Undergrad: 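Before we start, here is the structure in question, set down as structure tokens.
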Amino acid sequence: MNEKIWLSSPHMGESEFKNVKEAFDTNWIAPLGPHVDGFERDLASYLGEGVHVAALSSGTAALHLALIILGVQAGDEVICQSMTFSASANPIAYQGATPVFVDSEEETWNMSPELLETAIQDRISKGKKPKAIIVVHLYGMPAQMNRIMAVADKYEIPVVEDAAEALGSSYKGQMLGTFGAMSILSFNGNKIITTSGGGALVSRNEEWIRKSRFLATQARDAAPHYQHSHIGYNYRMSNVCAGIGRGQMEVLPQRVEKRRSNYAFYKEAFAEIDSIKFAEEPTEGFYSNRWLSTVLVEGEMTREDIRLHLEKDNIETRPLWKPMHLQPVFADAPFYGDGTSERLFEQGLCLPSGSNLTAADLERVVSQLKQLYQEAKV
Ligand SMILES: *Cc1c(COP(=O)(O)O)cnc(C)c1O
């Protein structure tokens, strides 16, 4: 059996282990500690001026706190991009609120600004103004942020950017994760950088970030004993994980470069196969970290034919995210769509995309896939 080629596996640099060792040597094995403060500073300065960051236990936890801070309560409605990972929508349910799903548009595969406005108008006409809008930058591709923000501003609804897949991506020169009222990042094992597990809440509102740190550490009031006037959570990042994160921040620009070069390699290699399509950055303002290289498979060969063929050679690929409005758990949630995300799900495939893939790995993926198309022709 050939060696396994993973979809997106962790890729450590030089400093991560040293930082973890330092945490052990100084016995900072707790949530909180100098690496947590340092990691928050590293992220804030990477994202841009005036940005504040709280390092948390996961991206999901960050999104949960964002909704709490925006005042989302039981019975409220929150608009969410349908085409995404379930973690974008689950925190809405944690709050006892209802997700209202909105379809994607063709160019970026992210939330359609038109359908967003349709959804808002319809919910308002039904007597329920949505409390927040969760927009996702799938696979690192920026959503149409100027148009999304214009709609959100028009109806005065705060935007939460789910930038879990998009650290290092930008729109018109501004880092993703800095457009919304609040944004979240993820450092799960498969993301562009990882802390083994972790996430962050990002905002220009320093008060909100302070509040998120308070809620993430069991909402302890200032007192020598344990005193609580709010329900709290255990959502803080550990100092050990943050040490890994600080090391990963040193290599983030190289990780973005490598992921983008994976994408460019596939695109050139498959240029001759007409039925394999790539999603371009729509205009120069869109800069994707190309977290995952994704393709749409048209024609007679299906994405499942390709996936199963590559699996036989121990190469991991995966269908695109299955839209939330098609998930059994969200079957009753309202949905505003035109079939775009369903088609993307039918045709879309994520190719091996790790920053640790070798030239030989990439060649193997390409030659296996080309072989499948050649055999099909005979
Ligand atoms: C990974 C991911 C999350 C959740 O992050 P965790 O750190 O795994 O909780 C949320 N949204 C999207 C789009 C993701 O890809």
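Computed from a predicted model, the values in this text were never measured in an experiment. Below, each value reflects all heavy atoms present in this structure, side chains not excepted, and no hydrogens, waters or symmetry copies. In listed order, ligands and their atoms are each counted from 1.
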Undergrad: Does Phe330 have any ring pair (Phe, Tyr, Trp, His ring centres under 6.0 Å) partners at least two apart in sequence or in another chain, and if so, which?
TA: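 In terms of ring pair (Phe, Tyr, Trp, His ring centres under 6.0 Å), with neighbours along the sequence ignored, Phe330 is linked to Phe101.
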Undergrad: Salt-bridge test for Lys18 and Glu22: reply yes if a basic N is under 4.0 Å from a carboxylate O, no otherwise.
TA: no
Undergrad: For the residue pair Tyr171 and Phe286, categorise the inter-ring angle as parallel (less than 30°), tilted (30 to 60°) or perpendicular (more than 60°).
TA: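 The arrangement is perpendicular - the two ring planes meet at more than 60°.
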Undergrad: Sequence neighbours left out, what pairs pass side-chain hydrogen bond (donor to acceptor under 3.5 Å, both in side chains) with at least one residue falling in residues 57-75?
TA: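 Of all non-adjacent pairs touching residues 57-75, those that pass side-chain hydrogen bond (donor to acceptor under 3.5 Å, both in side chains) are His64-Gln95, His64-Tyr235.
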Undergrad: Determine which pairs satisfy ring pair (Phe, Tyr, Trp, His ring centres under 6.0 Å) with at least one residue from residues 296-316, sequence neighbours left out, and list them in order.
TA: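 Qualifying pairs: none.
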Undergrad: Which protein residues come within less than 4.0 angstrom of ligand 1, counting heavy atoms only?
TA: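 Correct list: Ser58, Gly59, Thr60, Thr84, Phe85, Ala87, Ser88, Val136, Asp162, Ala164, Glu165, Ser186, Asn188, Lys191, Gly198.
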Undergrad: Indicate whether any N or O donor in one side chain lies under 3.5 Å from an N or O acceptor in the other, for Glu161 and His137.
TA: yes
